[in-house]
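Comments concern the structure below.
Throughout, residue positions are numbered sequentially from 1 according to the sequence presented.
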Amino acid sequence: MERHPRTITVGGACLAAALGAGLAMAPAAAQPPTQSAQQSQPTSAQGRERIDFNDGWRFTLGDPGGDSAPYLYDVRPDVKQSADGKDADARPDQAAKVERAGVPLLKPWILPSGNAFIKDPSRRHARPAADPAIDAPYARLGFDDSAWRQVRLPHDWAIAGPFLETGPYGGMGRLKTWGPAWYRKTLDLDAADRGKSIYLDVDGAMAYASVWVNGRLAGGWPYGYNSFRIDLTPYVTPGARNQVAIRLDNTPESARWYPGAGLYRNVWITKTAPLHVGQWGVHVTTPQVSKESAQVAWRVTLDNKGAAPGKADVVTELLVLDAQGKASGKPVARVTSAPATVAPGASADIEGTATLAKPRLWGPPPTQQPHRYLAVTTVRQDGRVVDRVETPFGIRNLRFDANEGVFVNGEKIPLRGVNNHHDLGALGSAFNVRAAERQLEMLQQMGANALRMSHNPPDPQLLALTDRMGILVVDEVFDSWQRKKTPLDFHLIFDDWHEQDLRSMIRRDRNHPSVIMWSIGNEVGEQYTDKDGAAIARRLHGIAREEDPGRPTTTAMNYAKPDMPLPAEVDLISLNYQGEGIRQDPEFEGTDRIRTPPQYPAFHATFPDKVILTSESASAFSSRGVYFFPVHPANSSIVRDGRGGDSKLQQVSSYELYAVDFGSSADKVFAALDRHPYVAGEFVWTGFDYLGEPTPYYGARSSYTGIIDLAGFKKDRFYLYQSRWRPDLKMAHILPHWTWPERVGQVTPVHVFTSGDEAELFVNGKSQGRQKKAPLTYRLRWDEVKYEPGEVRVVSYKDGKEWARASVKTAGEAAALQVSADRTTIDGDGRDLSFVTVRIVDQAGIDAPRTSQRVRFTVDGPGELVATDNGDPTSFEPFPSPERAAFNGLVLGIVRAKPGANGPITVRAVAEGLTPAAVTLQARRHP
């Protein structure tokens, strides 16, 4: 690959310059936070078209004649059925051996799709000379698919259910996600497209995708979480109608959580001239950053798919983006590169730099603002524009200090993060910008400033949101390497695909300022394999450093100890639960489970120059609005019947003291962090409940670990984290609710979460005492309060002055519904959403916290009900159902405007015996 010098014009001055050899840990760029067509690159006049390819697909389950053998990517181990609900930290197993001799496979035709991400040319894959010997009727242009279901992408075909109420399916959310599925859509190309390169860009497809064009296998990608590109040029006919078909073959037992199913992210058609910027071919870095000036550096990779050498002139302009991601004002820099000649079938790199005075820095709120810029790269050939690519980025400086933690632009930023899986609750895995934005807004309201992508590459639009909102990101690629956690997980393809998957993720995401580190694995089985496991980590670390020298690597470790070889291979130490200690309770003595004393000091002593962070903390359990008695007296407890849990109800108490066997309550985590101030911070497991992995009750559908439940309703734990992460917010929160008619005269402990340092509690005006937080305590407890109906009130103080008040009242009989929407104006694009909350209240408007009446939604006007939920992990009501029982007084309806909608949408909620309620939304016509 050739490299070319460049000439720089900044503020009218012209000079030659050289790219600095060192890169600060500050590469930074982003995509605007849009769902589909707004992301399209400009028009054919500018040489590139990026076309939304989401509408008008046809979909069906199963293969022609029910015969899947001709479409097999690779031979898989024979799995009869494995046990559901094994411990989440169980030791991963060695891969099973399979016999491939004589079995026809599509693998030789799929592997070449990843060649661009294999560094060593000798290891790249040659496509067989002939097409596979398959007559694939679903891939032919003339096939009649009129009986297939018409769908719009993103699409998760599994989320509608029905739930698998019995059997070993809790780990994957009790929804059937496995089996072959086909999607078909025609692609009309103009005669003017002759000579162009035509690409299919898929942001995510679950899983083992094979792409067929006009009956021929064009390529594919096995890993369901990565974005990928298929070159359609050899298979399409310009000036004609072409047929695109995508087959997916998600496997059973492929994950420890709900993976989703289908074409669940956006799909695009990209048309370019033969000489064009390559896939993710602009890499922007900021090697030198201060408040006074910043050096911006970039590398543009040009691909020449033509038959003749191409001479290119490249100009890069830098512009300021406003808060909405739109370019404003004139360019702040303009760089003209020296002409470059790219040989046919080859690539060349064009490099450039510019220095900006008084840069607008990207950083996390509230103390900083996430300012962004836009690099516009224009490629000309013979004076004609043949390509133009826009690359949003941010200017910021990162510093990692082993004794102080993470610094952004010189300011210490404690990591107050959460983990999230990729499902969006009742919407499943089908990505929706507004649904993800709502989650991030709630997390920021709690005080979170960081997000770990557990345990896979996210939708690129999620990173666009974290860029815009100023949220720090740990971008993670794998949950397993060669050793398996489930029989058919990623370990099956690790050897063939780890390089392609890691390089492609980093190339796609490395321009995002929100991404601060790369995680190459999560709790991998190679923690147990000594030097062999460390060798794999070393290879993955090396790949990451080649692709992006400016960010550190890490891997999340729940077993590896400081004296083992694996931790030495990564830049940062990420610990899952080890900082607080794992299974230190006496009842675990003599068991074969992981038992680990607190590890922060040992790791800090062994790696004094490495930052330590907790990549997974807590894994605490609770069911929103559920409280069990008695309440455990300690600040953290495992869950057992009579000890925070009820295996018959499959619910966990919301006193927020209870955790998985290997985890800890939030209180215990806070104390461990405060005892070890050199730890950079934490990522709580998890921000939101998610589908699947419903420890401790695998008869349920969804997890108990979220700070916020699956429907997006806050648990009490939300306010515990808010009291710590937002110390300047005047807040107080009381638990439990105060409607216990069966507990009159019985001890009913009252706990208070407050950002104050002391508080006084009153029951019906009578003081229960004033308490001050002791060192390393994070809640105030009145454990001897006896229940009497009425009002519980708390007055909190800080530094001796009144700080905040809160109260809860006893509710009467349920009398009415109250309806509210998170937003009452939404775009009429068929994608924007309003989340409508229904509360059951008594005659006085007090929440009735133990009610479960069935609520029915109706929608009038140009809108539709997408899904409902109530946050109950044991509910098997299908998500599309318009009727759902309340769970402890709350129900959610998710509403969207129909495409092209303009006008009022009325959402009504009714329940037998209760006064109904409604809310009116306004759909605005989408431009």
With a 4.5 Å heavy-atom cut-off, do [X] and [Y] have their side chains touching?
X	Y	answer
Gln439	Asn420	yes
Met453	Val474	no
Pro154	Asp203	no
Asp689	Ile708	no
Leu472	Leu415	yes

request  = Classify the angle between the aromatic ring planes of Trp221 and Phe117 as parallel (below 30°), tilted (30 to 60°) or perpendicular (above 60°).
outcome  = perpendicular
Quick test of your reading of the model: are [X] and [Y] salt-bridged, counting only N-O distances below 4.0 Å?
X	Y	answer
Asp479	Arg256	yes
Asp322	Arg372	no
Asp674	Arg724	yes
Glu404	Arg399	no
Glu682	Arg416	no
Glu437	Arg434	yes

Considering all heavy atoms, the nearest [X]-[Y] contact:
X	Y	value
Leu540	Leu502	O-CD2, 3.4 Å
Gly681	Leu673	O-CD2, 4.3 Å
Gln599	Pro562	OE1-CD, 3.5 Å
Ala375	Leu318	CB-CD2, 3.8 Å
Gly405	Ala680	CA-CB, 3.9 Å
Leu462	Phe431	N-CZ, 3.7 Å

Intermediate values then yes/no, side chain to side chain contact (heavy atoms under 4.5 Å, CB included), Leu465 and Val433 = CA-CA 8 Å; Leu465 286 169; Val433 169; 4.2 Å; yes
Is the backbone of [Y] close enough, under 3.5 Å, to the side chain of [X] for a donor and an acceptor to pair up by distance?
X	Y	value
Asn226	Asp501	yes
Arg717	Gly706	yes
Tyr223	His498	no
Glu499	Lys119	yes
Thr285	Pro287	no
Glu526	Arg483	yes
Thr686	Phe688	yes
Ser703	Tyr690	yes
Thr286	Val289	no
Asp201	Arg229	no

message = As a quick check of understanding, evaluate side chain to side chain donor-acceptor pair (under 3.5 Å) for Asn558 and Asn522, giving each step before the final call.
response = CA-CA 9 Å; Asn558 68 325; Asn522 172 66; over 6 Å; no
Identified ring-ring contact (aromatic ring centres under 6.0 Å, His included) counterpart of Phe478 within the set Phe494, Trp497, Tyr225 = Phe494
query = Of Glu580, Arg675, Gln578, His676, which meets side chain to side chain donor-acceptor pair (under 3.5 Å) against Tyr600?
reply =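 That would be Glu580.
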request  = Tell me, with the steps shown, if Arg726 and Ser755 meet side chain to side chain contact (heavy atoms under 4.5 Å, CB included).
outcome  = CA-CA 7 Å; Arg726 297 186 65 184; Ser755 51; over 6 Å; no
Short side-chain donor-acceptor distance under 3.5 Å, [Y] and [X]:
X	Y	result
Asn449	Gln444	no
Gln482	His491	no
Ser429	Asp423	no
Arg438	Asn432	no

First locate atom [atom1] of [X], then atom [atom2] of [Y], and finally report the distance between them rounded to the nearest 0.5 Å.
X	Y	atom1	atom2	answer
Thr705	Asn419	OG1	CG	9.0 Å
Glu476	Met517	CD	CE	11.0 Å
Ile612	Tyr678	CD1	OH	5.5 Å
Arg510	Met505	CZ	CE	11.5 Å
Trp268	Ser227	CH2	OG	11.0 Å
Trp685	Tyr577	CH2	OH	6.5 Å

task = Kindly confirm or rule out a cation-pi arrangement of Arg507 over Trp280, judged by NZ or CZ under 6.0 Å from the six-membered ring centre and within 45° of its axis?
result = no
Cation-pi check, Lys561 onto Tyr559 ring (under 6.0 Å, within 45° of axis) = yes
message = I'd like to know whether the aromatic ring centres of Tyr258 and His421 sit less than 6.0 Å apart in this structure.
response =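 Between His421 and Tyr258, which both carry aromatic rings, the centre distance is not below 6.0 Å.
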task = Please assess Thr553 against His541 for the test side chain to side chain donor-acceptor pair (under 3.5 Å), listing each intermediate value before the final yes or no.
result = CA-CA 6 Å; Thr553 64; His541 165 83; 2.7 Å; yes
query = Under the side chain to side chain donor-acceptor pair (under 3.5 Å) criterion, do Gln368 and Asn409 qualify, and how do the steps go?
reply = CA-CA 9 Å; Gln368 302 184 44; Asn409 302 322; 2.7 Å; yes
query = Run the side chain to side chain contact (heavy atoms under 4.5 Å, CB included) check on Met446 and Leu443 step by step: do they pass?
reply = CA-CA 5 Å; Met446 182 176 67; Leu443 293 172; 3.9 Å; yes
task = Could you go through the ring pair (Phe, Tyr, Trp, His ring centres under 6.0 Å) check for Trp362 and His371 one step at a time?
result = CA-CA 5 Å; Trp362 185 97; His371 297 298; over 10 Å; no
inquiry  = Would you say that more than 12 heavy atoms from the other residues, nucleotides or ligands in this model lie under 6.0 Å from the NZ of Lys326, or not?
reply    =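 No, NZ of Lys326 has 12 or fewer neighbouring heavy atoms, counting only those of other groups under 6.0 Å.
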message = Go through it in stages, so that I can follow the logic: the residues are Gln722 and Lys714, the test is side chain to side chain donor-acceptor pair (under 3.5 Å), and I'd like the CA-CA distance, side-chain angles, deciding distance and then a yes or no.
response = CA-CA 11 Å; Gln722 188 181 65; Lys714 300 167 186 173; over 6 Å; no
ask   = Checking side chain to side chain contact (heavy atoms under 4.5 Å, CB included) for the pair Gln369/Leu361: CA distance, chi angles, key distance, verdict?
value = CA-CA 7 Å; Gln369 294 301 314; Leu361 302 184; over 6 Å; no
